[in-house]
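One structure is given below, encoded as structure tokens.
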Amino acid sequence: MNRSVPENRDLFAIADLAKEFGISTRAIRFYEAKGLLAPERVGATRIFRRRDRARLILILRGKRLGFSLRDISDYLSLYDANRSQQVQLLTAKIDERLVSLEAQLQDLQTTISELKEIKKLADERLEKAG
DNA sequence: ATTCTCACA
DNA sequence: TGTGAGAA
């Protein structure tokens, strides 16, 4: 019954989290190196608690929404300190992200329109050529 | 299996 | 923003 290190539901080994979230152990260490995670250590081995796991979930969610690790780091850093400032930062970043996405959307729509126009002209030529 | 560092894209 | 490789 003695596993090497974590084996209950309160403690996790890096491999546990990597498997659960479908990411590499390297990526998790990378996030730690960037200051987004700060798991405890038993010797040199990382021990992740539920709160570390929760932070990882937030990191992954932030990434999925298109935020940089820097953005996510800044946000997480405010959790313990200024909570209302954290919310302010969040809304500001969301607005920023929204503006960026809207711009991308416009660009995509422009590209789609251009492609459709080109295709239309090409199809018309095929008509004439018979 | 885990750790770290350095290189590399 | 990560990965690969080598060594412990």
Side-chain angles (χ1 to χ4, degrees):
Chain A
M1 294 300 151
N2 269 323
R3 277 75 183 191
S4 57
V5 175
E7 190 53 70
N8 63 63
R9 293 306 89 121
D10 199 55
L11 305 177
F12 306 84
I14 190 170
D16 297 334
L17 298 179
K19 177 186 293 183
E20 177 176 4
F21 298 110
I23 60 180
S24 67
T25 57
R26 304 287 311 284
I28 295 175
R29 294 191 193 97
F30 182 76
Y31 299 152
E32 178 184 5
K34 289 300 176 183
L36 284 81
L37 293 172
E40 294 167 26
R41 302 289 187 127
V42 169
T45 303
R46 296 171 175 76
I47 301 300
F48 297 78
R49 316 202 76 125
R50 308 221 343 291
R51 55 183 304 281
D52 297 310
R53 181 174 170 283
R55 280 177 77 93
L56 180 56
I57 290 174
L58 289 178
I59 293 168
L60 267 17
R61 175 177 297 167
K63 282 172 48 60
R64 182 160 43 77
L65 295 176
F67 294 103
S68 68
L69 290 184
R70 181 52 188 276
D71 287 339
I72 298 168
S73 178
D74 291 342
Y75 173 76
L76 291 178
S77 296
L78 270 43
Y79 187 84
D80 308 287
N82 196 326
R83 203 65 76 77
S84 62
Q85 187 182 327
Q86 182 183 38
V87 176
Q88 280 190 311
L89 175 64
L90 180 61
T91 59
K93 286 300 178 181
I94 287 177
D95 285 342
E96 188 179 293
R97 181 71 179 133
L98 249 20
V99 167
S100 175
L101 285 173
E102 296 287 4
Q104 286 185 52
L105 182 56
Q106 296 310 312
D107 288 344
L108 284 174
Q109 292 176 331
T110 296
T111 298
I112 288 172
S113 293
E114 288 181 17
L115 288 173
K116 283 183 175 177
E117 180 61 22
I118 292 172
K119 178 177 175 54
K120 175 186 173 187
L121 294 174
D123 285 343
E124 289 173 358
R125 289 196 185 189
L126 289 179
E127 285 293 314
K128 294 180 183 177

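Every chain is numbered from 1 and lettered A, B, ... according to where its sequence line falls, protein lines coming before strand lines. Treat the numbers as computed from the prediction; the structure is a model and nothing was measured. Scope of the values below: all heavy atoms of this structure, side chains included, with no hydrogens, waters or symmetry mates.
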Exercise. Return each pair, listed once, that meets salt bridge (charged side-chain N to carboxylate O under 4.0 Å, His left out) where at least one residue sits in residues 88-97 of chain A; pairs must be two or more places apart or across chains.
Key: A:Asp71-A:Lys93, A:Lys93-A:Glu96

Self-check item: Summary of salt bridge (charged side-chain N to carboxylate O under 4.0 Å, His left out) pairs that have at least one residue in residues 27-39 of chain A, sequence neighbours excluded
Solution: A:Glu32-A:Arg41, A:Glu32-A:Arg46

Quiz item: Hey, quick one: are A:Leu69 and A:Ile57 part of the same hydrophobic cluster, counting side-chain heavy atoms closer than 4.5 Å, chains of contacts allowed?
Solution: yes

Self-check item: Nucleic acid footprint by protein, nucleotides 3-9 of chain B - heavy-atom cut-off 4.0 Å, B for base, S for sugar-phosphate alone
Solution: BS-----

Quiz item: Among pairs that include at least one residue of residues 77-88 of chain A, which meet side chain to side chain donor-acceptor pair (under 3.5 Å), considering only residues two or more places apart or in two chains?
Solution: A:Asn82-A:Ser84, A:Asn82-A:Gln85

Self-check item: Positional range of nucleotides in DNA chain C within the contact set of chain A, heavy-atom, under 4.0 Å
Solution: C:dT1 to C:dA5

Practice problem: Measure the shortest side-chain to side-chain distance between A:Leu36 and A:Tyr75 over non-hydrogen atoms and say whether it is less than 4.5 angstrom. | Solution: no

Quiz prompt | Closest non-hydrogen atom pair, A:Leu11 against A:Ile47 | solution = CD2-CG2, 4.0 Å

Quiz item: Can you name the salt bridge (Lys or Arg N to Asp or Glu O under 4.0 Å) partners of A:Arg26, sequence neighbours left out?
Solution: none

Quiz prompt | Proximity to DNA chain C (any heavy atom under 4.0 Å), residues of residues 59-71 of chain A only | solution = A:Lys63, A:Ser68, A:Leu69

Quiz item: Sequence neighbours excluded, which residues qualify as side chain to side chain donor-acceptor pair (under 3.5 Å) partners of A:Arg70?
Solution: A:Asp74

Ignoring hydrogens and angles, write down the donor-acceptor pairs under 3.5 Å from the side chains of residues 108-130 of chain A, residues two or more places apart or on other chains.
unit_1, atom_1, unit_2, atom_2, d
A:Thr110, OG1, A:Gln106, O, 3.0
A:Thr111, OG1, A:Asp107, O, 3.0
A:Ser113, OG, A:Gln109, O, 3.0

Practice problem: Sorted by first residue and then second, give each side chain to side chain donor-acceptor pair (under 3.5 Å) pair with at least one member in residues 54-67 of chain A; sequence neighbours left out. | Solution: none

